[in-house]
Number of protein chains: 2
Amino acid sequence: MKPAPDSPAFQPLYRQIKELITQSLVSGEWGPGDPIPSELELASRFNVSQGTVRKAVSELAEEKLLVRQQGRGTFVASHAQERSQFPFLRLTPDAGQRSELSATLLDLRRMRGDSASLRLLGLSSGSSIYVLRRILRLSDKPVCYEEIRLPSNRFHGLTSQVVEQHECMLYSMYEGRFGLRVLRAEERIKAVAAPDEAAVALGAPKAMPMLLIERVAFTYGGEACELRRSYNDTRQHHYWNQING
Amino acid sequence: MKPAPDSPAFQPLYRQIKELITQSLVSGEWGPGDPIPSELELASRFNVSQGTVRKAVSELAEEKLLVRQQGRGTFVASHAQERSQFPFLRLTPDAGQRSELSATLLDLRRMRGDSASLRLLGLSSGSSIYVLRRILRLSDKPVCYEEIRLPSNRFHGLTSQVVEQHECMLYSMYEGRFGLRVLRAEERIKAVAAPDEAAVALGAPKAMPMLLIERVAFTYGGEACELRRSYNDTRQHHYWNQING
DNA sequence: GAGTGGTCTAGACCACTCA
DNA sequence: GAGTGGTCTAGACCACTCA
């Protein structure tokens with residue numbers, strides 16, 4: 001394989017290799033947690049030097065699709081093996097460490113999607129979605145009331161049992177049972193007067209200021225795979241964020 | 001220069017080079033916007049191969065301390081040249097693009113720092129700080145009331161004139177006038193009932209839910225150089241965030 | 001056309017893992 | 001000790017910038 005600098009959509013070799021590796025990830029040739037072939041194997045398979053494979057793999061490792069381990073090999077990233085286990089959970093106690101996290105499922109329904117949700121999820125009108133509502137507790141304190149919308153075509157046969165088994169490891173569940181790894185999320189955050197539903201669920205005063213977080217989560221290929229709207233009690237907790245210039 | 005694999009604090013060569021380059025940045029040998037020597041020059045200066053310099057420079061470019069431009073050279077990053085000009089301003093209109101941003105300085109005082117601020121800024125007790133309050137407007141709509149605390153030892157001779165000159169480009173001002181580049185910030189976000197001061201300043205109803213953002217900004221070497229507490233009206237705006245798993 | 005960063009190769013040696 | 005990823009070199013050729 002050689003670069004073709006004159007072609008209109010010229011990509012350097014290592015990007016082309018990266019794309020080929022990504023395809024194998026998407027197709028499931030290697031599943032989450034599996035080792036991928038060694039750099040030398042990939043180099044001979046794609047007929048390029050080890051250095052070029054390294055560059056492709058390095059970018060995928062930076063994007064956290066792959067995980068390298070010196071002496072052992074390179075593995076498909078998985079929520080199960082993550083160290084900082086909840087990169088998507090930003091709610092933190094004002095004082096002290098984040099402690100036991102638990103979740104209670106309120107209900108799970110399958111219904112025809114509203115147009116806004118379908119648009120965000122990239123579904124055609126009339127498609128059905130799963131809607132689930134739950135409460136999150138930190139150290140037994142209810143702090144978050146949320147409603148989650150999932151495209152039913154990607155979550156065939158989702159049941160409350162499955163959700164309850166995984167409690168507060170939903171993204172591991174998406175990955176393990178449905179092969180959907182959440183890579184990235186965008187959030188819009190506001191301060192609002194709590195709707196009655198949320199205030200009651202969290203045992204908070206009526207219309208108390210709460211943090212409203214609307215999230216769209218994305219999987220491989222930038223496809224939206226989850227919508228989430230949560231109301232958060234920030235009297236003794238805060239949303240933590242880091243900005244890199 | 002050769003690696004010393006047996007030494008207790010072994011660092012690969014390219015990390016050592018990276019450290020040397022960082023030192024030149026901190027010392028101001030090359031200022032924001034300046035070009036640094038070419039890779040080949042650095043390679044011969046440090047007596048290593050171009051590849052090793054590249055790896056050091058690449059990491060610094062990823063961390064956004066340097067900016068590479070093919071064919072031109074490598075430059076010290078600067079807030080002035082940034083494309084996405086306000087990476088630290090996350091407040092965005094719910095509908096439409098972010099439009100004209102303006103700021104009004106309410107007052108600027110120099111005072112003895114309270115103990116909490118001094119601790120966060122890493123100052124000894126009794127040190128003095130600047131405190132400035134201002135209002136930010138998006139499309140002429142007042143949306144943010146904030147109080148900023150700066151260590152006076154790093155901001156010698158700060159005046160309201162200087163602040164007003166730079167309006168909503170404070171971080172460019174820190175960099176241009178005081179050689180302090182903001183690299184990173186940590187924020188804690190809550191929903192609170194607006195204090196009277198903020199409600200009045202933004203023309204909002206008393207005790208309306210507002211987004212409270214407490215920020216600590218960091219410069220080279222992970223040193224805190226600014227504290228900021230802002231109250232944000234999120235009736236028609238939201239705080240935008242992206243999370244990478 | 002001289003100089004810059006960007007890509008790619010081939011090969012050496014290293015630290016680490018695991019049987 | 002065989003196999004992995006990690007570092008480092010030297011050298012080639014490329015695309016891009018600027019005078």
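Just so we're on the same page: letters track the sequence lines, and every chain starts at 1.
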Which atoms of nucleotides 1-3 of chain C (N or O only) lie under 3.5 Å from a protein N or O atom, and what are those distances?
from  : atom 1 : to      : atom 2 : distance (Å)
C/dG3 : N2     : B/Gly71 : O      : 3.0

> Closest to the B/Arg54 side chain: D/dG6, C/dG6, C/dT9?
Replying inline: C/dG6
> C/dT9 P sits how many Å from A/Leu42 CG, rounded?
Replying inline: 14 Å
>> Can you tell whether the side chains of B/Glu186 and B/Arg188 come within less than 4.0 Å, N to carboxylate O?
In response: no
> Under 4.0 Å between a Lys/Arg side-chain N and an Asp/Glu carboxylate O for B/Glu187 and A/Arg90?
Replying inline: no
> Between A/Gly51 and B/Glu39, who's closer to the 5' end of DNA chain C by nearest nucleotide?
Replying inline: B/Glu39
>> In terms of relative ring orientation, are B/Tyr239 and A/Tyr239 parallel, tilted or perpendicular, with 30° and 60° separating the classes?
In response: perpendicular
>> Taking only side-chain N and O atoms of A/Ser49, does any of them lie within less than 4.0 angstrom of OP1 or OP2 on C/dC8?
In response: no
> Which residue pairs pass the salt bridge (charged side-chain N to carboxylate O under 4.0 Å, His left out) test with at least one member in residues 150-159 of chain A, sequence neighbours excluded?
Replying inline: A/Arg154-A/Glu223
>> Checking B/Glu62 now: which residues fulfil side-chain contact (heavy atoms from CB on, under 4.5 Å) with it, not counting sequence neighbours?
In response: A/Glu62
> Among B/Phe88, B/Phe178, B/Phe218, which one satisfies ring-ring contact (aromatic ring centres under 6.0 Å, His included) with B/Tyr171?
Replying inline: B/Phe88
>> Distance check needed: C/dA15 C1' versus B/Leu13 CG, whole Å only.
In response: 15 Å
> Salt bridge between B/Glu63 and B/Lys18, side-chain N to carboxylate O under 4.0 Å?
Replying inline: yes
> In chain order, what residues pass the side chain to side chain donor-acceptor pair (under 3.5 Å) check against B/Arg177, with sequence neighbours excluded?
Replying inline: none
>> Between A/Thr74 and B/Val53, which residue's closest nucleotide on DNA chain D lies nearer the 5′ terminus?
In response: A/Thr74
> What's the CD-P distance between B/Glu59 and D/dG6, to the nearest Å?
Replying inline: 12 Å
> How close or far is atom P of C/dG5 from atom CG of B/Leu66, stated in whole angstroms?
Replying inline: 11 Å
>> What is the distance, to the nearest angstrom, from the CD atom on B/Gln50 to the P atom on D/dA10?
In response: 11 Å
> B/Asp34 has an atom CG; how far is it from atom P of C/dT4, in whole Å?
Replying inline: 16 Å
> Taking the side chain of A/Arg68 as its heavy atoms from C-beta onward, which of C/dG5, D/dG5, C/dT9 lies nearest to it?
Replying inline: D/dG5
> To the nearest Å, how far apart are A/Ile17 CD1 and C/dC8 C1'?
Replying inline: 11 Å
> Should A/Trp30 and A/Leu66 be marked as a side-chain contact (heavy atoms from CB on, under 4.5 Å) after you check the CA-CA gap, both sets of side-chain angles, and the distance that decides it?
Replying inline: CA-CA 11 Å; A/Trp30 315 308; A/Leu66 297 176; 5.8 Å; no
> OP1, OP2 of C/dT7 versus side-chain N and O of A/Thr52: anything below 4.0 Å?
Replying inline: no
> Is B/Lys55 near enough to D/dT7 that one of its side-chain N or O atoms lies under 4.0 angstrom from OP1 or OP2?
Replying inline: yes
> Once you round it to whole Å, what is the distance between C1' of C/dT4 and CD1 of B/Ile36?
Replying inline: 12 Å
>> Using the side-chain contact (heavy atoms from CB on, under 4.5 Å) criterion, which residues pair with A/Leu118? Sequence neighbours excluded.
In response: A/Leu123, A/Ser127, A/Ile129
> Just the dot-bracket of DNA chain C, please: which string comes out with Watson-Crick or G-U pairs under 3.5 Å, [ ] for crossing, | for another strand?
Replying inline: ||||||||||||||||||.
